[in-house]
Amino acid sequence: MVALMCEARPLIDWYQLKKCVGRGFDLYVGEVADVAIHLVITGIGPQNMTGAISWLIGRFFSAPECSIYNVWLNVGTAGHTDLPLAMPVRIAQCIGVENNDEKNLSARAHYVPLVSPWDGALGALQTSNSVVESYPNGALVDMEGAAFFYWATRFGPAELVQSIKVISDNRENSANDLNTKKITQLIAPNVPIITQFADGLLGLAQRGSWQNAEKISLQQLSKRIRMTESQRVQLNEMLQNTINAGLDIEFIQQAINQTDDVTHLITSLRESLATCAPVLSSLGASKIGSNKSD
Amino acid sequence: MIDTIYIEEAVLEHPRTQGILQRFKRAQNIVIARYGEVFNSHAQNFRLQKQNPSLVLATKQNKRVLPAPAQYEAGGGANYYFSHMLNCLYDCRYCFLQGMYQSANYLLFVNYEDFAQDIKELAQQHIADAQPPWFFSGYDCDSLAMEPMTGFAAEFLNVFDDIPDAVLELRTKSTQIRSLLARPAKDNVVVAYSLSPDLVAQNVEEGAPSLAKRIEALVKLQHAGWRVGIRFDPVIWHEGFQKNYSTLVEQVFAALDTDKIDSVTLGGFRLPKGYFKVMRKLFPEHWIFSAGLSESESGGGAKMISYRDEIEAEMFDVIERKIKQYFDVSKLYIYRANNELEDVS
C-alpha cells in the first residue's frame, strides 16, 4: 500500500508490475516466486488508505477460503526532526493524532510485532490527518500509517502488517521542497532492503499457512451432494481431522464416493476419529527441527 | 536470541532490568507504559510470533500468587501457583498457553521481591497446617528454561530459605540446572520434570531437551540430593502408546533411585474449550487436535476438551500398572480430565 505514484514507481520497476485496468484505485500486479503481488496507489491521507484497503479486500480477499496469511506492507515517506534524508525506518509503534493536537490521540498506540528480521532502524510513527508544521518529539510523522495498521490488522495477523518509511524531510530539509522526482530518488536506493524485508515477511507468512489437503475431495462432493453451509463447515473440519490423524486417504475417498447422505458421512468420519489413534512418525524430529538442549 | 525488548517505564531502572539489558546489548529497546499495550494487543498470531518472540519486561502489580486449580496437587496441603513469566522457550503443541495468550512474546515480571513478599505472607497463614503449603512455579512458563537470563531459581531458592515450612515446586523440561547444582540441596524444593516418550517429544515438544537429557538432569539432581518429581502430563494418545509409555516408565525408574522420588503424577490432555478452538485454528493441520477428543463439563461448569473417557482410562490404566511395578502408589497422583484428583493409594 503506497500513497503516491512517485513513491511506488521504484517498486513497480523492481517487481516489473503491470497496471491492472479497472475502477477504484490504481492497482499494479505481478508475481514473484509464485507469490502474487498487488500494489495499490492509495492516495494521501487516512481516508484514502482506509478506502484502498477495503477495496482491495473486497476485490481479491473476501472469500472464506482465502488465507489470512497475507503480507500487508506500507511503503512511503515520512518526516522526522533529525534523521537523515533517505534513511529507511521500520515502524515499531504507531499512533494517530487528530487535528495536529498531540493531546488529541485518536487511539492508543499500536505496537507492531517485530518478528521478521530487519537490520535497519526502528521508529515510532505519529499519523496526522492533516499536514503537520512541526515534527513530534522523537517520532516520524506521516498521514496514512495509523489507518493502514488499524484496517490491515482487521484482515490478517499483525505480524504480517508492516510499514517501512523513508525519511523525506527534517529540520534542515523542508517538506515544502519535495517534488515527485525527489521522492522517487529517496525511495529508489532503498528498494533492495525493502524487498528483502518483504521476502522475509513472505517466508514468515508461509510458516502460518497449511495445505488444505481435503479440499479437492470436498469440492467433488459439493458438486454431487447438496449440503448446508453448516454441514460444509463440519465436513471440512472432519475431513481435515481424518487426514491429520493419518487415516487412510483411500478409506476417506471411498466413504465419500459411497454416500449421498452428508449427515451419515460426518457421523461415520466422527466415529472413525474417535477410535483411530494418530500414527506418529519418528521423522517428527526432522520435520520440526532438532531438539535443543537448554 | 532476543532481538527486541519492550520495557515498562516503571521498571527501567530496576536492577534486574538493567542486568538483562546488559545481557542483550544488541537488542532494540522500546519503552512502553504498560505491558498490556504489547502483550494484549489485538490481531497477534501466536504461531507466527513464536518464530521470533520478543522479551517484555514488566511489573506484576497484583494477583501474583493464586490458588492452584483443584486438581493440582503433589503432596502438599494448600496449593498455590505463581508465574514470574508468561510464555515459554519451548513450543509444545499441546500447551494451553497457545490458546490462552494472543502473544508468544516472553513476558517477564522483574519484581521478584513482591512475589516473594506475597509468598511469605501466604506461607505464614498456613504455618499451623498439617501439611506444608505448596507453591507451584512453571504453570505459565518453564521454571528453568531461561534461568541464565532470569535468575529466577537462584533468587527464589533464597526466598524459600526463609520459609522452610513451605514447598516450592519448579516444573520444567529444561536442563538448566547449574544454579541448583551449585548449592546444597534444599528440603523444601522439588524439581519436577514433565516427561513424554521420545516419539511424542520429537513430534510435539519442539525445542525442548530430549527425553534422555531430561532424565540425565534428573539423575544429576537426585545425586546432588535434590527432591525430584516426575510428571507424565499430558499423556498423549497415539498408536503404540502402550509400548511407548511402558518404555518411558522403565527408562525413568531404571535411571533414578525410586525410593527418593518425591512424587509421580499422571495427567490427561485437557483444555478449556475456548483455548482448544484457538489452538486448532492456529494449527488446523495438527493431529493432536484431531482424534479421540470429546467435550465435557468441568465441576465449575466450564466446557473442556479432553480425550474420551474410555481412551483416557485405558491409557492411565496401562501407565499406572507399569508405575506400580516400581513405585509406592501413595506418592502417585492422577489428574483425570473431569478435574477430580484420584487417590490411588
Side-chain angles (χ1 to χ4, degrees), chain A residues 68-69 92-93 108-118 121-122 124 149 152-161 203-205 207-208 210-213 237 240-247 272-294, chain B residues 3-4 6 28 30 32-33 37-38 41-45 47-54 89-91 103 105 144-146 174-176 198-210 213 236-241 244 280 282-294 308 311:
Chain A
I68 62 158
Y69 292 98
Q93 176 191 355
R108 67 182 204 168
H110 169 70
Y111 287 89
V112 184
L114 305 172
V115 180
S116 50
W118 169 258
L122 293 180
F149 285 114
T153 54
R154 293 295 183 272
F155 300 107
E159 291 73 15
L160 300 178
V161 178
L204 180 64
R207 300 298 296 260
W210 52 282
Q211 293 302 315
N212 194 342
E237 190 177 293
Q240 182 66 50
N241 282 344
T242 53
I243 290 164
N244 295 347
L247 268 175
S272 301
L273 281 168
T275 53
C276 177
V279 180
L280 305 197
S281 162
S282 57
L283 296 175
S286 60
K287 277 195 290 185
I288 62 176
S290 58
N291 286 359
K292 286 188 247 171
S293 305
D294 296 299
Chain B
D3 292 338
T4 309
Y6 297 94
Q28 301 259 19
I30 298 173
I32 55 176
E37 294 176 311
V38 174
S41 174
H42 81 282
Q44 296 180 93
N45 183 291
R47 181 173 182 164
L48 295 183
Q49 215 167 88
K50 194 73 189 172
Q51 303 301 317
N52 184 19
S54 300
L89 182 67
Y90 310 134
D91 192 11
S103 173
N105 288 336
L144 298 177
M146 299 180 91
S174 172
T175 55
Q176 291 282 1
D198 236 345
L199 187 64
V200 173
Q202 285 172 19
N203 273 273
V204 294
E205 294 177 350
E206 184 170 355
S210 66
K213 290 200 166 162
I236 300 296
W237 186 52
H238 61 280
E239 193 170 271
F241 76 86
N244 292 333
R280 195 176 53 186
L282 282 171
F283 297 94
E285 77 282 23
H286 206 283
W287 55 269
I288 203 165
F289 308 120
S290 298
L293 299 166
S294 69
R308 291 187 306 117
I311 290 175

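So that the names make sense, note that chain A is the first sequence line, chain B the second, and so on, each numbered from 1. Just so it is clear, the model here is predicted, and its values are computed rather than measured.
The backbone N or O of A:V115 lies less than 3.5 Å from a partner atom in the side chain of B:N52, making a donor-acceptor pair. Panel note: side chain B:R308, backbone A:A274; a donor-acceptor pair is recorded below 3.5 Å. With B:W287 contributing its side chain and B:S290 its backbone, the two residues share no donor-acceptor pair below 3.5 Å.
Neither the backbone nor the side chain of A:T242 comes within contact range of chain B; no heavy atom of the residue lies under 4.5 Å from a heavy atom of that chain. Looking at B:F289, only its backbone comes within 4.5 Å of chain A, counting heavy atoms on both sides. Using a 4.5 Å cut-off between heavy atoms, B:L48 touches chain A through backbone and side chain atoms alike. Interface remark: B:H238 contributes backbone and side-chain atoms alike to the contact with chain A (heavy atom separation under 4.5 Å).
In terms of heavy-atom pairs under 4.5 angstrom with chain A, the leader among B:I32, B:I311, B:D3, B:V200 is B:I32. Across B:Q44, B:Q49, B:K50, the residue that shares the most heavy-atom pairs under 4.5 angstrom with chain A is B:Q49. Annotation: maximal heavy-atom pairing with chain B below 4.5 Å, among A:V161, A:L273, A:I68, occurs at A:L273.
Salt-bridge formation is detected for the pair B:E285/B:R47: a Lys NZ or Arg NE/NH1/NH2 atom is positioned less than 4.0 Å from an Asp or Glu carboxylate oxygen.
Checked against side-chain hydrogen bond (donor to acceptor under 3.5 Å, both in side chains), B:S41 has no partners two or more places apart in sequence or in another chain. Scored by the side-chain hydrogen bond (donor to acceptor under 3.5 Å, both in side chains) test, B:Q28 finds no partners at all (sequence neighbours excluded).
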